[in-house]
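Sequence positions, counted from 1, serve as the residue numbers for this chain.
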Amino acid sequence: MLHCESSNQIKQELNIMSDHDIIDQVLARHGHDGSRLMQILRETQEQLSWLAPATLTHIADGIGWPRAQVSGTAAFYSFFHTRQRGKYCVLWSDNITDRMLGNAELMDAMCKKLWLEPGRVSEDGLVSVNTTSCTGMCDQGPALLVNYRAIPRMTQARLGEMVGLIREQKPVAEWPAEWFEVEDNIRRKDILLGHGLKKGQALKAALERGPQAMLEEIKAGKLRGRGGAGFGTGLKWEACRNASGHGPNPAHYVVCNADEGEPGTFKDRVLLTSYADLVFEGMSIAAYVVGARKGLLYLRGEYRYLLEPLESALAARRSAGLLGANILGQGFDFDIEIHLGAGAYVCGEESALIESLEGKPGRPRIRPPFPVTRGYLDQPTTVNNVETLAASCLIAAHGGAWYAGHGTEKSAGSKILSVSGDCERPGIYEYAYGTTVRQVLEDCGATDTQAVQISGPSGICVGADEFGRRIAFEDLPTAGAFMVFDETRDMFEVARNFAHFFAHESCGFCTPCRVGTTLVRNTMDKISRGHGSPYDINELFKLHRVMQGASHCGLGNSACNPVFDTLNKFRPAYERRLKSLDYEPAFDLDAELSQARQMTGRDDAAAHLQTKETT
């Protein structure tokens with residue numbers, strides 16, 4: 001179901017191979033190249049289950065890197081395990097939309113059935129159960145990952161079957177195939193999803209124009225980045241094209257950012273599932289314009305199940321003369337590799353993604369220099385979103401003027417929205433830029449809506465009085481997420497879930513973000529427990545100001561957005577939890593000593609830090 005015949009053969013061979021033999025095989029496949037460390041670690045872990053200290057030492061020796069550097073990369077990513085994880089590693093998606101669909105109750109039931117605590121490996125070493133950040137299945141949750149294979153639409157009935165299979169130690173590859181079926185749920189198409197182009201049509205048109213003329217068409221089409229920042233694609237490609245390569249082997253690179261980690265976003269998942277050729281064709285057009293011979297698609301670890309289908313699509317393009325040497329007989333050489341991430345939201349930032357591609361922890365670089373001049377392997381690199389690259393095919397096929405004729409003056413073309421939450425028809429909706437929030441709500445069957453989170457936690461939360469606003473760079477820019485919350489939802493809990501997400505995903509590079517996200521999370525938890533005061537509300541506003549102005553990258557700058565927006569628009573959700581007008585500490589030391597008092601059999605005044613008041 002999930003593995004091809006060759007992988008089954010490899011598994012049989014592994015039974016008679018030592019761990020070192022397995023690692024050596026992986027190292028040889030990647031040419032002992034340290035820049036491919038992420039793939040070496042992933043493939044090794046898939047075969048050995050975890051990354052033991054001896055494993056990391058052997059890999060370090062194999063690529064010629066210091067052991068500490070290899071350990072640093074392995075420790076940075078959530079999906080790499082330097083401790084035993086169990087034969088079955090179960091991770092429940094903990095996005096707010098999964099919470100709304102009952103994931104917490106399902107996870108609790110699973111833990112009780114398996115007699116284990118969340119976050120721990122069972123006593124027999126068989127299974128571990130924990131949470132992970134959004135898995136990109138918000139339209140079909142509750143979802144989970146089992147050994148990093150996605151399973152959507154979890155129910156109590158399926159849960160019982162799954163626990164039985166785990167106890168029987170049945171291999172995941174032999175579990176029911178329908179469990180792993182991920183639906184596209186495309187509800188509305190516009191110019192991109194309904195493109196009607198034939199394979200190779202856009203690339204052929206680009207080659208006929210020539211690189212400079214194709215660049216001018218991209219600029220005339222006013223195409224802007226679809227990953228959230230909205231930077232002009234033509235300007236980025238031009239800067240990369242004009243930059244000189246460096247060193248003895250100068251080169252240019254095209255990178256497709258498919259690290260779709262923003263909670264509530266799943267449009268790229270659908271594009272890579274059903275429109276992979278369009279994405280690869282867009283990468284090829286970008287390469288032709290900037291002068292690149294190699295492209296890399298950085299696929300988020302949660303989409304591991306897409307790796308084999310995408311590799312098959314690349315092989316088909318090579319066979320058709322659309323990839324590789326002398327593409328379409330025009331003397332254009334270009335090929336694409338797929339690199340898998342390992343669970344780090346911050347790698348959605350382009351310079352952090354490049355660090356990860358080079359085998360390092362995904363920490364954002366200090367800029368300048370920018371990737372277009374010094375990016376992957378210190379060479380000029382253009383990093384573009386999946387949707388951006390796919391949209392470039394429309395311009396190649398129809399021209400810039402045609403594309404700019406769709407959408408608004410400042411937001412040309414269309415936008416794909418990932419709609420989830422409280423609506424009858426969650427899924428993928430494509431609209432021309434300029435469409436109102438209200439129109440999307442009507443189309444997806446949302447009723448009694450109190451708020452919509454646009455562009456995920458790092459974006460904007462709009463209330464009912466703002467539903468006339470438009471999806472466009474000049475009004476509500478978005479990377480794609482469109483999370484709907486009806487009147488029954490507690491917007492404080494929505495913001496608290498997002499606060500936990502940012503605290504978990506901070507890379508720790510800069511103090512404002514590392515400390516700030518932790519303080520925001522702790523303050524939200526304190527208010528949730530009924531120990532909050534107006535003082536804490538003021539502290540949240542102060543943290544928002546500090547983090548926005550001092551954080552190193554976009555994660556820290558936007559981490560307080562959901563708290564700030566909900567405080568301003570849904571303040572009663574916070575105030576009804578405030579039990580005191582005065583400051584109240586979050587930690588009660590006297591209460592923590594209760595176990596010691598119980599053990600010693602004392603509860604007199606001298607056994608307390610503060611004498612009890614008498615009447």
>> Cation-pi check for Tyr303 against Arg300: NZ or CZ below 6.0 Å from the six-membered ring centre and within 45 degrees of the axis, yes or no?
In response: yes

>> Less than 4.5 Å apart, side chain to side chain, heavy atoms only: is that true for Leu192 and Leu278?
In response: yes

> Just by distance, with hydrogens left out, do Thr265 and Glu260 show a side-chain donor and acceptor under 3.5 Å apart?
Replying inline: no

>> Test ring pair (Phe, Tyr, Trp, His ring centres under 6.0 Å) on Phe482 and Tyr429; report intermediate values, then the result.
In response: CA-CA 10 Å; Phe482 191 100; Tyr429 293 76; 8.5 Å; no

> Please walk me through it: do Val563 and His544 pass side chain to side chain contact (heavy atoms under 4.5 Å, CB included)?
Replying inline: CA-CA 9 Å; Val563 173; His544 175 65; over 6 Å; no

> If you measure only the distance, is there a donor-acceptor pair under 3.5 Å linking the side chains of Ser93 and Asn95?
Replying inline: no

> Quick check: does any side chain N or O of Tyr148 sit under 3.5 Å from a backbone N or O of Cys89, one acting as donor and the other as acceptor?
Replying inline: no

> Between the side chain of Asn257 and the main-chain N/O of Gly348, is any donor-acceptor distance below 3.5 Å?
Replying inline: yes

>> Determine whether Phe76 and Cys507 satisfy the following criterion, side chain to side chain contact (heavy atoms under 4.5 Å, CB included), listing intermediate values before the conclusion.
In response: CA-CA 8 Å; Phe76 182 84; Cys507 76; 3.8 Å; yes

>> For the backbone of Leu340 and the side chain of Gln39, can you confirm whether one donor and one acceptor N or O come within less than 3.5 Å of each other?
In response: yes

> Is any side-chain heavy atom of Leu203 closer than 4.5 Å to a side-chain heavy atom of Ile285?
Replying inline: yes

>> Would the distance check show the side chain of Gln201 and the main-chain N or O of Ala397 forming a donor-acceptor pair, the cut-off being under 3.5 Å?
In response: no

>> Between Glu262 and Ser455, do the side chains contain a donor N or O and an acceptor N or O under 3.5 Å apart?
In response: no

> Any sub-3.5 Å donor-acceptor pair from Asp335's side-chain atoms to Lys294's backbone N or O?
Replying inline: no

> Can you list the steps and then say if Cys393 with His195 is a side chain to side chain contact (heavy atoms under 4.5 Å, CB included)?
Replying inline: CA-CA 9 Å; Cys393 294; His195 63 83; over 6 Å; no

> Do the side-chain N and O atoms of Tyr298 and Ser356 include a donor-acceptor pair separated by under 3.5 angstrom?
Replying inline: yes

> With distance as the sole test, does Asp475 use its side chain to make a donor-acceptor pair with the main-chain N or O of Arg470 at under 3.5 Å?
Replying inline: yes

>> What I'd like to find out is whether the side chain of Thr233 reaches to under 4.5 Å of the side chain of Ser392, using heavy atoms alone.
In response: no

>> Testing the 3.5 Å rule here: is there a donor-acceptor pair between the side chains of Ser71 and Arg67?
In response: yes

>> Contact between Pro457 and Met483 at the side-chain level, heavy atoms closer than 4.5 Å - yes or no?
In response: yes

> Have Ser351 and Glu349 got a donor and an acceptor in their side chains that come within less than 3.5 Å?
Replying inline: yes

>> Quick one about Arg521 and Thr518 (side-chain donor to acceptor, distance below 3.5 Å, no hydrogens or angles considered), yes or no?
In response: no

> Any donor and acceptor pair, going by atom type alone, linking the side chain of Thr373 with main-chain N or O of Phe370 inside 3.5 Å?
Replying inline: yes

>> Quick check: do Ile416 and Leu271 have side-chain heavy atoms less than 4.5 Å from each other?
In response: yes

> So, the side chain of His246 versus the backbone of Ser244: is there a donor-acceptor pair under 3.5 Å, distance only?
Replying inline: yes

> Do you know the tightest heavy-atom contact between Gly359 and Trp65?
Replying inline: O-CZ3, 3.7 Å

> In terms of the angle between their ring planes, are Tyr345 and Phe501 parallel, tilted or perpendicular, with boundaries placed at 30° and 60°?
Replying inline: perpendicular

> At what distance, to the nearest 0.5 angstrom, does CG of Leu322 lie from CG of Leu314?
Replying inline: 11.5 Å

>> So which atom in Pro562 and which in Phe498 form the shortest heavy-atom distance, rounded to 0.1 Å?
In response: CB-CD1, 3.5 Å

>> Within the supplied structure, the quantity of interest is the number of heavy atoms (other residues, nucleotides, ligands) at a distance under 6.0 Å from Lys360 NZ; does it exceed 12?
In response: yes

>> Strictly distance-based, threshold 3.5 Å: is any side-chain N or O of Arg365 a donor or acceptor partner for the main-chain N or O of Gly375?
In response: yes

> Less than 4.5 Å apart, any side-chain heavy atom of Ile191 and any of Trp402?
Replying inline: yes

> Between Glu430 and Lys267, does at least one N-O distance fall below 4.0 Å, as a salt bridge requires?
Replying inline: no

> Do the side chains of Phe280 and Leu297 get nearer than 4.5 Å, heavy atoms only?
Replying inline: yes

>> Surrounding CD of Glu409 (heavy atoms of other residues, nucleotides or ligands, distance under 6.0 Å), is the total greater than 12?
In response: no

>> Quick test of your reading of the model: are Lys199 and Glu281 salt-bridged, counting only N-O distances below 4.0 Å?
In response: no

> Side-chain contact, heavy-atom cut-off 4.5 Å: Val346 with Pro364?
Replying inline: yes

>> Please tell me whether Glu216 and Gln212 have a donor and an acceptor in their side chains that are separated by less than 3.5 angstrom.
In response: yes

> Counting N and O atoms only, with roles assigned by atom type, does the side chain of Thr388 sit under 3.5 Å from a partner on the main chain of Arg226, one being a donor and the other an acceptor?
Replying inline: yes

> Between Arg224 and Phe473, is NZ or CZ placed under 6.0 angstrom from the six-membered ring centre and within 45° of the ring axis?
Replying inline: yes

